Protein chains: 2
Amino acid sequence: MTLIPNEARRRRKVTMRDVADRAGVGLATVSRVINGKSGVAADLVERVHEAARDLGYRHDLTASSLRRADRRTGTIALVLEDVANPFSSALHRAVEDTAHAENLLVLTGSSDENPERERELIDTFTLRRVDGLIVIPTGGADTELAAVRRQGTPVVCVDRLVELDQVDTVTVDNRTGARAAVQRLLDLGHRRVAFLGDMASIWTARERYAGYLEGHAGRRVDERLVRREIRSADAAEHAIREILDGDEPPTAVFAAQNLLTIGAVRALQRLGLQDRVALIGFDDFPLADMLSPGVSVVAQDPAEIGLIAARLLLGRIADDDDRPARHVVVPTTYVARGSGEIPPTD
Amino acid sequence: MTLIPNEARRRRKVTMRDVADRAGVGLATVSRVINGKSGVAADLVERVHEAARDLGYRHDLTASSLRRADRRTGTIALVLEDVANPFSSALHRAVEDTAHAENLLVLTGSSDENPERERELIDTFTLRRVDGLIVIPTGGADTELAAVRRQGTPVVCVDRLVELDQVDTVTVDNRTGARAAVQRLLDLGHRRVAFLGDMASIWTARERYAGYLEGHAGRRVDERLVRREIRSADAAEHAIREILDGDEPPTAVFAAQNLLTIGAVRALQRLGLQDRVALIGFDDFPLADMLSPGVSVVAQDPAEIGLIAARLLLGRIADDDDRPARHVVVPTTYVARGSGEIPPTD
DNA sequence: CGAGGTTTCGGAAACGTTTCCGGGAAACGT
DNA sequence: ACGTTTCCCGGAAACGTTTCCGAAACCTCG
């Protein structure tokens, strides 16, 4: 068997110089042809392409971006909460698609909601000179984001609001969506609506909680029905069981994040209460419609968010980075599937 | 408001030369210090670090990897079917985690099962000189993979078997898993088991179909119950409805891919047959346990697959690329949740 | 037909780093 | 004390490309 590395080592990399020699032209001309610049005689263009093909020449983007005036690397970076989370990966996909249309590649990393890790990712990405950065900010690395921005790299923040100079943001109207959901439940006659929320350090968690409160429109909310700082489906399940065990249990639940919604569903199903306690979740999730009852949700459109974010970033990369920050707010839609339409049982 | 780009443009990038001048040492010494090489006097190391800190020096990985002997870029690439697909993204996450431990970054792309796109991705990745490649091969770009391999970049293929020199693969024992599932159904007394499969161009689809046939152990399979080349949940739903409409409908369904399983669930629920027709799916999916009945599946472990693939790749990158291809086969496990345990109704 | 302008091309410098190499100082052995 | 080895260090070359600049060739027009 032939050992590839040896073979590869033997045969030196074919460079523009080689192409130039074989085509009988200057190095500069080869560069012009490869980059598709105008102002080269047609026959030379042909000769260069032919030589390149014969030699199996491959353009080296590393060397290219080192010398190039704009120093572009053709790469953007995406800092997600977790690439395996459905919201993140739908966003990722949308970004990839728009980036691909511009021949850009996407580097990704998961911060796991950890500011330290976010900082680390931002750092390694910028060392690699990415052309732009899309981040779901944990909130704890804003200084670094500002630094990156100052250093010249365009930045777009998604999902969470961040107030930084010349950093665009794309968010969802969390507060309105949450408020409307809670109002629906109250309109149905529910008076005791439990709340399940993520860490208060996360902007969306705070907004959705605010919406929950606003939805009550002056009505008192029982503190015992509120559980915040819940980080997983298991924790959510546990919390719901605890709340339902109390002496004045809720007749409805508002779960402010998709994992928490799933935990709530699990708890209700285990207790056989899925048809008696109403449930509305924030953020849609796959198969929510197939459960019984179907889970009503305040849906966001991660693909739309990703698309807008990518467009904003590409705009800044392409030309006009000299414009103030823009905040885009994407609306949410309520999807009625049954669980949110259950009337109160007393 | 200060316009960042101007500011950034004004102040030239601080380079190793600047650090060297400020520390009063040679350029080579700065390089040695930054790269943590031994053989530099302690006080010089200190001076260099101090100067670098004062000047806000940032190491340029692009320039570094251009000159560096091993030409490593600290980046690996991952070609998935679709980053938004749960199987792909779980794999992605596992790869990211192991890569991160070695300080490697991950570039990703979605081939959408399209060989053309796979080729394109492989091409752009290698132009960027990634240190290694992990691919879910469509099967139509094997020549390109071999070329990449010959050019010296380590390659690991996942999920689908590929026979290439010095290309490791990590697959699942599709055939055994499918066969066992079908046998379970037959043992339960089912005689008419429908089959739903993906495109035959995909290795896993062929293997699972083979397993389905083998599971019948000589018993005749009714061609009318077999549907292959199904590409989406909708198509699967349609196919199942069609089959159940026939004069001799199946009493059980084996769906050979997660999207198809979901389509089958949808069809059965719509027809109100979810408790009468047995169903086993290949590949687990989120919330399969929450449906009623719970969906029994032949589960694979995408995280395990990703972990192994990443380890194989890192091994080749690190040192011994001079070893023959290694094929790792990860076992599947059957997860009984109810839908696969429904006895035949005649 | 010649002056002036435009186009096309190649040599050489530059991008920011790593690595090669050679020189000087220190350490060692005799 | 002197030759030899070892150790640090800095200058310069190199990585593969893009861009600057000047030379040559080609037009255009009075």
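Note that this is a predicted model, so its numbers are computed, not measured.
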Decide yes or no on side chain to side chain donor-acceptor pair (under 3.5 Å) for B/H92 and A/T108, but give the supporting numbers first. CA-CA 10 Å; B/H92 180 182; A/T108 44; 3.2 Å; yes

Partner set under side-chain hydrogen bond (donor to acceptor under 3.5 Å, both in side chains) for B/R72, not counting sequence neighbours: B/D131

Residues at least two apart in sequence or cross-chain that pass side-chain hydrogen bond (donor to acceptor under 3.5 Å, both in side chains) with B/S88, listed by chain then number, are none

Selection residues 27-55 of chain B - residue pairs positive for salt bridge (Lys or Arg N to Asp or Glu O under 4.0 Å), sequence neighbours left out: B/R22-B/D54

Does anything in residues 120-129 of chain A reach DNA chain C, meaning a heavy atom under 4.0 Å, and if so which residues? none

Pairing residues for A/R67 by the salt bridge (charged side-chain N to carboxylate O under 4.0 Å, His left out) criterion, not counting sequence neighbours: none

Divergence of helical axes at both termini of the helix from C/dC1-D/dG30 to C/dT30-D/dA1 - five pairs an end, 10° steps: 40°

So if I define the base as every atom that isn't primed, P, OP1 or OP2, how would nucleotides 14-27 of chain D read as a B/S/- string at a heavy-atom cutoff under 4.0 Å? BBBBBB--------

Sorted by chain and residue number, the side-chain hydrogen bond (donor to acceptor under 3.5 Å, both in side chains) partners of A/T169 (sequence neighbours excluded) come out as A/H327

Please name all residues satisfying salt bridge (charged side-chain N to carboxylate O under 4.0 Å, His left out) with A/E118, sequence neighbours left out, ordered by chain then number. none

So, is A/T29 close to the C/dC9 phosphate, meaning a side-chain N or O under 4.0 Å from OP1 or OP2? no

side-chain hydrogen bond (donor to acceptor under 3.5 Å, both in side chains) partners for A/R68, two or more places apart: A/S64

Suppose the criterion is salt bridge (Lys or Arg N to Asp or Glu O under 4.0 Å): which pairs have a residue in residues 89-103 of chain B, not counting sequence neighbours? A/D82-B/R93, A/D112-B/R93, A/R117-B/E96, B/R93-B/D97

Quick test of your reading: applying ring-ring contact (aromatic ring centres under 6.0 Å, His included), list the pairs with at least one residue in residues 32-73 of chain B, sequence neighbours left out, ordered by first then second residue. none

